[in-house]
Amino acid sequence: MSKPQQRSVPLGPYSAGEFERLVSTCRAVIDSYNGLRLRPLPDLNVTLAFRILIGFEIGLPPECIDALRVEDLRWQGDRDLRVEFTKNRGSGRNALTFRDTGPWSGPALLTRWVSVFEMLRPDPKSGPLWPWPSDPDPARFEPFSSNRWAVARREFMKTQQVRDDSQSLLVLDMRRLRKTWFARKSKYWHGAVTIDPTHSALVEGDRYLSGSAEPDEVDLTVESAQEDLLRRATAVALVVSDDGDLADGVDDALLVSQRTEGTWDMFAALCRDPFTSPFNQSGTFCTAVVWACLVCPLAVITPAKLPALLRLQDYLRDQSASVTQAEWVRVYGPAWVQLVSRILPQFGDAIIAEARRIVDDDLDLPVPPSPLETR
């Protein structure tokens, strides 16, 4: 019988000291390039300095960053940059939004790098993010290949003499930039365990979290997640009547008593007290998006709300065509699960059919104008 293959050990992050030395070196290279009076096209050192810092700042897999195109970058307002990318080992097309917090933040670095080649692109708003003059024809640009990265890495570390914690020449592995991005957001940097939103729960827990976090922290993370699932499963107080007319459901005795005590109508649900919302500062009226009611402990769901809930269900489903899967899960996922697995199954077929008839008659039921109002 052959021995079972031993699982590989994931690469670890750079230490805090190695991170600081590598960042300082890259910033110095870029500052020297920016200080030139007549700036030529950036050489391999300048290119790699940008690539390293961007990897540290946005934390995407190296193959995703290498394949980025100019059209994948889109500003949302003055401070948020949306980055679309393709993850071949995951769910395909994804997108994440990064906040511009200064000249060395991810959005600022990406914008500065794009501007370096802007005048040389046939179309300044499209093309590979990492172009390079073609060997046979310097006037033509081609994508920056992985082979060039390998050559640049070795030359860069030798030229800049960046050392690891044992004072040996630091080995630059692009995959460790992503690991360090996670580590900077973990217990070692600010006291919390973080996860990657582009990973499935199985991949994140089995391959990344359990391999990098302390066992006690993993246990606490699992316990916290289980408590959160339990809280969400019991958060919405459902008021359900027997099958019948919607008007009969509205006249439920419990609901009447709650109305007398000051229950508010919030479109998707009734609210016990919108001035103590978990989504707003206490004492201010709740301004959360309508689907937030479905995961709110103050919500009361009644049969009279079924037309609005079915219209909201259609709306949430439609948004899957407007945003990436990762964004849809993040923004709408909790409300969708609550609606289709816990709320709607509480009502009988007859009352749901009547509610669907009202929706199909195209009554004027308002829906939110934007699929990403939660940002």
Side-chain angles (χ1 to χ4, degrees), residues 50-102 104-115 117-118 121 123-131 143-144 174-175 177-182 184-185 194-205 207-209 288-289 291-292 315-337 367-375:
F50 271 100
R51 174 63 180 81
I52 292 170
L53 292 181
I54 289 172
F56 275 143
E57 289 297 323
I58 67 176
L60 297 183
E63 67 272 16
C64 297
I65 300 180
D66 293 346
L68 284 176
R69 298 179 62 83
V70 177
E71 55 266 34
D72 295 332
L73 313 178
R74 186 171 66 198
W75 283 97
Q76 297 180 323
D78 295 332
R79 299 187 62 188
D80 293 327
L81 182 68
R82 173 187 167 98
V83 179
E84 296 186 0
F85 58 96
T86 300
K87 191 172 182 182
N88 296 329
R89 295 173 294 169
S91 56
R93 198 67 174 166
N94 292 269
L96 291 174
T97 300
F98 301 93
R99 174 62 60 94
D100 184 359
T101 58
W104 298 107
S105 65
L109 286 165
L110 285 165
T111 301
R112 289 162 65 183
W113 177 250
V114 169
S115 68
F117 286 95
E118 188 172 30
R121 298 178 187 273
D123 181 355
K125 296 183 179 180
S126 68
L129 185 65
W130 306 99
F144 202 88
M174 301 305 234
R175 295 170 295 178
L177 306 183
R178 174 173 168 80
K179 293 288 187 177
T180 307
W181 182 80
F182 281 118
R184 290 170 60 202
K185 301 176 183 298
T194 58
I195 64 173
D196 181 355
T198 68
H199 285 159
S200 68
L202 177 62
V203 169
E204 182 65 32
R207 183 66 178 171
Y208 290 86
L209 181 59
V289 291
W291 56 87
Y315 172 79
L316 297 181
R317 183 188 294 111
D318 291 343
Q319 300 320 302
S320 63
S322 303
V323 297
T324 65
Q325 181 183 16
E327 278 186 309
W328 190 94
V329 170
R330 178 178 62 82
V331 176
Y332 306 115
W336 176 265
V337 171
V367 295
S370 169
L372 295 176
E373 286 187 12
T374 54
R375 291 193 171 186

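Bear in mind that the values here come from a model prediction, so they are computed numbers and not experimental data.
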Next on the checklist: Quick check: do Trp291 and Pro334 have side-chain heavy atoms less than 4.5 Å from each other?
Outcome noted: no

Next on the checklist: Rounded to the nearest 0.5 Å, what separates atom CG in Leu60 from atom CG in Asp66?
Outcome noted: 10.5 Å

Next on the checklist: Going by ring-ring contact (aromatic ring centres under 6.0 Å, His included), name the residues that satisfy it together with Phe56, two or more places apart in sequence or in a different chain.
Outcome noted: Phe19

Checklist entry - What distance separates Thr97 OG1 from Gln76 CD, expressed to the nearest 0.5 Å? => result 4.5 Å

Checklist outcome for this item: Ser126 and Glu71 have their tightest heavy-atom pair at CA-OE1, 2.9 Å

Item to check | Residue pair Asp72, Arg82: steps toward the salt bridge (Lys or Arg N to Asp or Glu O under 4.0 Å) verdict | outcome: CA-CA 8 Å; Asp72 295 332; Arg82 173 187 167 98; over 6 Å; no

Checklist entry - Does any N or O in the side chain of Asp318 come within less than 3.5 Å of the main-chain N or O of Tyr315, such that one atom is a donor and the other an acceptor? => result no

Checklist outcome for this item: Smallest heavy-atom separation, Pro128 atom then Val70 atom, equals O-CG2, 4.2 Å

Checklist entry - Does NZ or CZ of Arg112 come closer than 6.0 Å to the centre of the six-membered ring of Trp104, within 45° of the ring's axis? => result yes

Item to check | Shortest non-hydrogen separation from Glu57 to Ser105 and the atoms involved | outcome: OE1-CA, 4.0 Å

Checklist entry - Which atoms form the tightest heavy-atom contact between Trp130 and Ile65, and what is the distance? => result NE1-O, 3.0 Å

Checklist entry - Out of curiosity, Leu81 CG to Leu109 CG, how far, rounded to the nearest 0.5 Å? => result 11.0 Å

Next on the checklist: Within the structure provided, determine whether Val114 and Leu73 are in side-chain contact (heavy-atom separation under 4.5 Å).
Outcome noted: yes

Item to check | For Arg79, all residues meeting salt bridge (Lys or Arg N to Asp or Glu O under 4.0 Å), sequence neighbours excluded | outcome: none

Checklist entry - Does atom CZ of Arg175 have more than 12 heavy-atom neighbours from other groups under 6.0 Å away? => result no

Checklist outcome for this item: Closest heavy-atom pair, Gly59 versus Arg178, reported as atoms and distance to 0.1 Å, is O-NH1, 2.6 Å

Next on the checklist: Is there a side chain to side chain contact (heavy atoms under 4.5 Å, CB included) between Phe98 and Val83? Walk through the geometry before answering.
Outcome noted: CA-CA 8 Å; Phe98 301 93; Val83 179; 3.8 Å; yes

Next on the checklist: Taking Leu316's backbone N and O only, do any of them form a donor-acceptor pair with Trp328's side chain (distance below 3.5 Å, no angle check)?
Outcome noted: yes

Checklist entry - Taking all atoms of both residues into account, what is the closest heavy-atom pair of Leu129 and Leu110, and its distance? => result CD2-CD2, 3.8 Å

Next on the checklist: A side-chain contact here means heavy atoms from C-beta on lying under 4.5 Å apart; do Phe85 and Leu68 qualify?
Outcome noted: yes

Checklist entry - Is there a donor-acceptor pair closer than 3.5 Å between any side-chain N or O of Asp100 and the backbone N or O of Gly102? => result yes

Checklist entry - Is Met174 close to Arg51 at the side-chain level, that is, under 4.5 Å between some pair of heavy atoms? => result yes

Checklist entry - Do Thr86 and Asn94 pass the side chain to side chain contact (heavy atoms under 4.5 Å, CB included) test, and can you show the C-alpha distance, the side-chain angles, and the key distance before you say yes or no? => result CA-CA 6 Å; Thr86 300; Asn94 292 269; over 6 Å; no

